[in-house]
**Student:** 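Input: one structure, supplied below.
The structure displayed is predicted, hence computed values, not measured ones.
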Amino acid sequence: MPFGQWIVGPPGSGKTTYCNGLQQYLGLLGRKCAIVNLDPANDVLPYECAVNISDLITLEEVQTHHKLGPNGGLIFCMEYLQENLDWLKEQIDPLLKDGIYLIFDCPGQVELFTLHDSMKVIAETLMNKWHVRLAVVHLVDAHLCTDASKYMSALLLSLTSMLHLEMPHVNVLSKMDMIQSYGQLAFNLDFYTEVQDLSYLVKSMEGTLFGRRFQKLTKGLCEVVEDFGLLSFTPLMVEDKASMKQTEAAKLSRRDALGLLSVTPLWLASRDAAATPMAGGSTQNFAGTLEQRVQEVTLPNGLQFLVLQRTNAPIVSCHTHANVGAFDEVTGQTGMAHLLEHMAFKGTARVGTRDYAAEAPLLEALDEAFYELRETEAGGTAAGSSPAAQRFARLIRQAGDLSVSNGYGALLSRAGAVGLNASTSHDATKFYISLPSNKLELWFALEAERFQAPVFRELYTEKQVVAEERRSRVENAPLGRYQEAFARACLTNNYGRPVIGYSEDVAKVGRRELQTFFEQHYGPRALTIAIVGDVTIEQVDRLAHKYFADWQQPTTLVQAAPSPLEEPLPCPSSGPMRFDGASPAGPALLQAFYRPNMQAKESTVVDVISDVLSGSRLSRLYSNLDLAASGPSPAELQRIKKAAKFALVDADLSIIEGLSAEDIRSVSAEMFNPNNCFTGYVQPLKA
């Protein structure tokens, strides 16, 4: 399958230089590549060109014959190419058959990749009909970072091209080798590459005439960019090999490389949606459109798959949601859900081992040694360098010699997978991965086997990793111990326990306890798997039945009781609503307000209140926190509503649409009152 880059950017951004440098760089790597020049105005080419649009049409001919200017002439040329795609197909067919990497040098007229449809149609034809997998590389001159208004224009141009082309997209700051000659930047380079809090950009423009006259406009444009949350830039110096390698890697592993899959708001995934928020349509209509596009497969054993097909890149992203978290743990066995997350990718009897027949008895002996050692320590005898401790350490080394560290992840990585990860909360454990769509069956086979027949090897060494993680998060953090005790004091149910668990509980966990917890909480009905990307519902249905249909629900599985909709977070029934303590980080004050259940009707309003109070640099945290007395202004409420629509596609968006300032004042007055507040006072540790 051929791959390629679609190079766009305004005039002078360095597109042709980049194409030339990329051709030389790939040549040094031994990678066959070919440049296709689609710019009819580019008559001086520094690179070796395999296909040149000038053989079909030139800008000079169009201007002379049709009496058009340069902009109109370029549009005519692109429309002419669109009408003569058979010529382009004939030119690049030999390259496609040889699997040569293609580099398309596009014209620099910005209307062509932000408004006009010809280039978009040409690219879609290449991808959808000729099966060329393209990624856009959009270049802007790093010089624009030296002026706030110019940088703002670069942001808008980059965002517009992303939304218009709807392709996997990497934004690049070119000519970084000249950045020092432009003078001192107002902010660190990270501010410009990561597109951080743009309120600073607005403030930096207040001293200019343009900034003062158009402050509201600039502020609104910054909010638009931040609401999308899509932009970031990769710095590039074409003559630097490391920089070229970084840009090449960005297309393969950054968020843009995944076809905007994991960071794009879901409404952007629908090209044919009847309405989208940015098109002026109803967000509620979009939610309905999205729901129609999501298809489901439910196996007889209860395992559910949600499928959303997106064919703009040959990639699928898989998200496995397990309905088990730290809340499900019993007293004395905290940290189990988090520890199982660490053990999730340790493999099976076939994956992650060099010789399972030899490894299995060693693992059993290792367990026996652990429990013997645990009993010795429980009896008050220090194990130290006892024979039992020495035997335990020896068995760990022997078992480790037979295991393949990260064997599961390495197997998927060799198949092109990226982003293998997992996370645990009080309510759920989640597993993520993205991989080429033609490797989906490999993922199905591995995922089914690790859930149905896991082998929890390397448990005792992994517990050391968890212990170090806890030391970093809690024991060595300035407020870590205090915050853990504060949570335990203000919440009277399992939400007061740390997800990572207590160190004494984790230390006592062996493979038997871990296996029991797994069998009690992991089964087909406890999982929901979402698959998004270049895949059909028929493929998922076939693979789901092939690999998961024989998985039977464990008889030991614990069914979670449904939570009452109106049940609030539990607070202490008696005693003071405060917790005093000391910390090296003191003095400090913590205030925790009990909120409604997340399933309650007020929950969405509380989420909006959170955004009003602390959602950004424009939030009340930097001005006035008293929402009950001075509810949000119309402009403030509209900004928060707009942001909430993108984040709450799956919520009842009618609540957001109809939300008023009085609603926020009412819920704030009820929630932010002294009787609903648990206060923590942190005193400094005395020397």
**Student:** Do L173 and L236 have side chains that get closer than 4.5 Å, going by heavy atoms?
**Tutor:**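 Heavy-atom side-chain distance check fails, nothing below 4.5 Å.
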**Student:** Is the shortest side-chain N to carboxylate O distance from E359 to R354 below 4.0 Å?
**Tutor:** no
**Student:** Taking the side chain as C-beta and beyond, is there a heavy-atom pair between L412 and L442 under 4.5 Å?
**Tutor:**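 Yes - at least one pair of side-chain heavy atoms lies under 4.5 Å apart.
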**Student:** Please report the C-alpha distance between Y25 and Y18 in whole Å, then the side-chain angles of each, then the deciding distance to 0.1 Å, and finally whether the ring-ring contact (aromatic ring centres under 6.0 Å, His included) criterion is met.
**Tutor:** CA-CA 10 Å; Y25 173 73; Y18 172 78; 9.8 Å; no
**Student:** Rounded to the nearest 0.5 Å, how far apart are CG of D505 and CD1 of I500?
**Tutor:** 12.5 Å
**Student:** Between K463 and H342, does the side chain to side chain contact (heavy atoms under 4.5 Å, CB included) criterion hold? Intermediate values first, please.
**Tutor:** CA-CA 9 Å; K463 283 169 58 176; H342 277 251; over 6 Å; no
**Student:** When you compare the side chain of L189 with that of M176, does any pair of heavy atoms fall below 4.5 Å?
**Tutor:**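 Yes, close enough: below the 4.5 Å cut-off.
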**Student:** Do T528 and L306 touch side chain to side chain, with heavy atoms closer than 4.5 Å?
**Tutor:** yes
**Student:** Do side-chain atoms of R457 reach the backbone of T348 as a donor and acceptor pair under 3.5 angstrom?
**Tutor:**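 Yes, the answer is positive, given that a donor and an acceptor are paired below the 3.5 Å cut-off.
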**Student:** Would a distance-only check, ignoring hydrogens and angles, find a side-chain to backbone donor-acceptor pair under 3.5 Å from T353 to A349?
**Tutor:** no
**Student:** Looking at R31, Q23, Q5, which one forms a side chain to side chain donor-acceptor pair (under 3.5 Å) with Y101?
**Tutor:**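 Only one of R31, Q23, Q5 forms a side chain to side chain donor-acceptor pair (under 3.5 Å) with Y101, namely Q5.
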**Student:** Give the C-alpha distance, both sets of side-chain angles, the deciding distance and a yes or no for ring-ring contact (aromatic ring centres under 6.0 Å, His included) between F548 and F451.
**Tutor:** CA-CA 10 Å; F548 282 101; F451 276 114; 7.2 Å; no
**Student:** Can you check side chain to side chain donor-acceptor pair (under 3.5 Å) on E519 and Q515, steps first, answer last?
**Tutor:** CA-CA 6 Å; E519 292 172 356; Q515 186 70 41; 3.2 Å; yes
**Student:** Could you check N171 against M162 for side chain to side chain contact (heavy atoms under 4.5 Å, CB included), going step by step and ending with a plain yes or no?
**Tutor:** CA-CA 9 Å; N171 294 302; M162 293 175 78; 3.4 Å; yes
**Student:** Side chains of F518 and L340: closer than 4.5 Å at any heavy-atom pair?
**Tutor:** yes
**Student:** Is there a donor-acceptor contact under 3.5 Å from the side chain of S472 to the main chain of E468?
**Tutor:** no
**Student:** How close do L395 and A369 get, heavy atom to heavy atom, and via which atoms?
**Tutor:**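 For L395 and A369, the tightest heavy-atom pair comes out as CD1-CB, 3.9 Å.
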**Student:** When you look at CG of N188, are more than 12 heavy atoms from neighbouring residues, nucleotides or ligands closer to it than 6.0 Å?
**Tutor:**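 12 or below, so no.
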**Student:** Using the side-chain contact (heavy atoms from CB on, under 4.5 Å) rule, pick out the option among E469, R471, E475 that qualifies with R473.
**Tutor:** E469
**Student:** How long is the span from the CD atom in Q333 to the CZ atom in F517, to the nearest 0.5 Å?
**Tutor:**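 It comes to 8.5 Å.
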**Student:** Verify whether one side chain among T311 and D534 offers a donor that lies under 3.5 Å from an acceptor in the other.
**Tutor:**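 No, no side-chain donor-acceptor pair sits under 3.5 Å.
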**Student:** When you compare the side chain of F3 with that of V132, does any pair of heavy atoms fall below 4.5 Å?
**Tutor:** no
**Student:** Can you see whether E458 engages S403 through a side-chain donor-acceptor pair at a distance of less than 3.5 angstrom?
**Tutor:**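 Short answer, yes.
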**Student:** Please check this pair: side chain of D367 against backbone of E364, looking for a donor-acceptor N/O pair closer than 3.5 Å.
**Tutor:**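 Not confirmed, D367 side chain does not pair with E364 backbone.
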**Student:** So do L299 and F305 actually touch side chain to side chain, heavy atoms under 4.5 Å?
**Tutor:** yes
**Student:** Is N301 reaching over with its side chain to a backbone N or O of W551, donor-acceptor style, under 3.5 angstrom?
**Tutor:**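 At least one qualifying donor-acceptor pair exists.
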**Student:** Would you call the rings of F579 and Y482 parallel, tilted or perpendicular, where under 30° means parallel and over 60° means perpendicular?
**Tutor:**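 Tilted.
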**Student:** Distance check, rounded to the nearest 0.5 Å: L527 atom CG versus H321 atom NE2?
**Tutor:** 9.0 Å
**Student:** Using a strict 4.0 Å threshold on nitrogen-to-oxygen distance, state whether K508 and E504 make a salt bridge.
**Tutor:** no
**Student:** Minimum heavy-atom separation for Q553 and G523, please, with both atom names.
**Tutor:**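 For Q553 and G523, the tightest heavy-atom pair comes out as OE1-C, 3.9 Å.
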**Student:** Roughly how far, to the nearest 0.5 Å, is the NE2 atom of H545 from the CZ atom of F444?
**Tutor:** 11.0 Å
**Student:** Output, in order, the C-alpha distance, side-chain angles, deciding distance and verdict of side chain to side chain contact (heavy atoms under 4.5 Å, CB included) for L411 and L446.
**Tutor:** CA-CA 9 Å; L411 187 58; L446 292 173; 3.7 Å; yes
**Student:** Kindly state whether the ring of Y460 and the ring of F370 have centres lying under 6.0 angstrom apart.
**Tutor:**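 Yes, they do, as the ring centres are separated by less than 6.0 Å.
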**Student:** If you measure only the distance, is there a donor-acceptor pair under 3.5 Å linking the side chains of T536 and Q539?
**Tutor:**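 Looking only at side-chain atoms, Q539 and T536 do form a donor-acceptor pair, the distance falling under 3.5 Å.
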**Student:** Can you name the closest pair of heavy atoms from G496 and Y502 and give their distance?
**Tutor:** O-OH, 4.3 Å
**Student:** Could you check whether atom CZ of R512 has more than 12 heavy atoms from other residues, nucleotides or ligands sitting under 6.0 Å from it?
**Tutor:**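 Above 12, so yes.
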**Student:** Assess the side chains of Y408 and E447: does a donor N or O sit below 3.5 Å from an acceptor N or O?
**Tutor:**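 A pair is found: one side chain offers a donor N or O, the other an acceptor, under 3.5 Å apart.
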**Student:** Using side chain to side chain donor-acceptor pair (under 3.5 Å), reason through Y432 and S423 one step at a time and then give a plain yes or no.
**Tutor:** CA-CA 9 Å; Y432 324 89; S423 63; 2.8 Å; yes
**Student:** Salt bridge check: are K430 and E341 linked by an N-O gap of less than 4.0 Å?
**Tutor:**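 No, K430 and E341 are not salt-bridged.
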**Student:** Within the distance-only criterion (no hydrogens, no angle test), does the side chain of S583 pair as donor or acceptor with the backbone N or O of P478 below 3.5 angstrom?
**Tutor:** yes
**Student:** To check you understand the geometry: which heavy-atom pair defines the closest contact between T429 and V324, and what is its length?
**Tutor:** OG1-O, 2.8 Å
**Student:** Determine whether L459 and L514 make a side-chain contact, defined as any pair of heavy atoms from C-beta on separated by less than 4.5 Å.
**Tutor:**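 Answer yes - side chains close enough.
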**Student:** Given the rule in the side chain to side chain contact (heavy atoms under 4.5 Å, CB included) test, do I396 and L366 qualify, once you have shown the distances and angles that lead to the verdict?
**Tutor:** CA-CA 7 Å; I396 285 180; L366 184 57; 3.6 Å; yes
**Student:** Could you tell me if Q452 and Y547 have a donor-acceptor pair between their side chains, going purely by distance under 3.5 Å?
**Tutor:** no
**Student:** State plainly whether the residues R497 and E484 are in salt-bridge range, i.e. N to O under 4.0 Å.
**Tutor:**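 Here R497 does not pair with E484 in a salt bridge, since their nearest N and O are not under 4.0 Å apart.
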**Student:** Over all heavy atoms of both residues, which pair between P436 and G416 is shortest? Give the atoms and the distance, please.
**Tutor:**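 Residues P436 and G416, closest heavy atoms: CD-O, 3.4 Å.
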**Student:** Do the side-chain N and O atoms of Q304 and E296 include a donor-acceptor pair separated by under 3.5 angstrom?
**Tutor:** yes
**Student:** Please assess Y495 against F327 for the test ring-ring contact (aromatic ring centres under 6.0 Å, His included), listing each intermediate value before the final yes or no.
**Tutor:** CA-CA 6 Å; Y495 283 119; F327 190 89; 4.6 Å; yes
**Student:** Can a donor-acceptor pair be found between the side chains of N323 and Y522 at a distance below 3.5 Å?
**Tutor:** no
**Student:** Can you name the closest pair of heavy atoms from V499 and S425 and give their distance?
**Tutor:** CG2-C, 3.9 Å
**Student:** Does a side-chain N-to-carboxylate-O contact under 4.0 Å join R374 and E513?
**Tutor:** yes
**Student:** Can you confirm if the NZ or CZ of R450 lies within 45° of the ring axis of F431 and under 6.0 Å from the centre of its six-membered ring?
**Tutor:**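 R450 over F431 ring: yes.
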**Student:** Kindly compute the distance separating CD1 (I529) from CH2 (W443), expressed to the nearest 0.5 Å.
**Tutor:**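 I529 CD1 to W443 CH2: 4.5 Å, rounded to 0.5 Å.
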**Student:** Nearest 0.5 Å, please: how far is SG in C318 from CG in L435?
**Tutor:**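 SG of C318 is found 5.5 Å from CG of L435.
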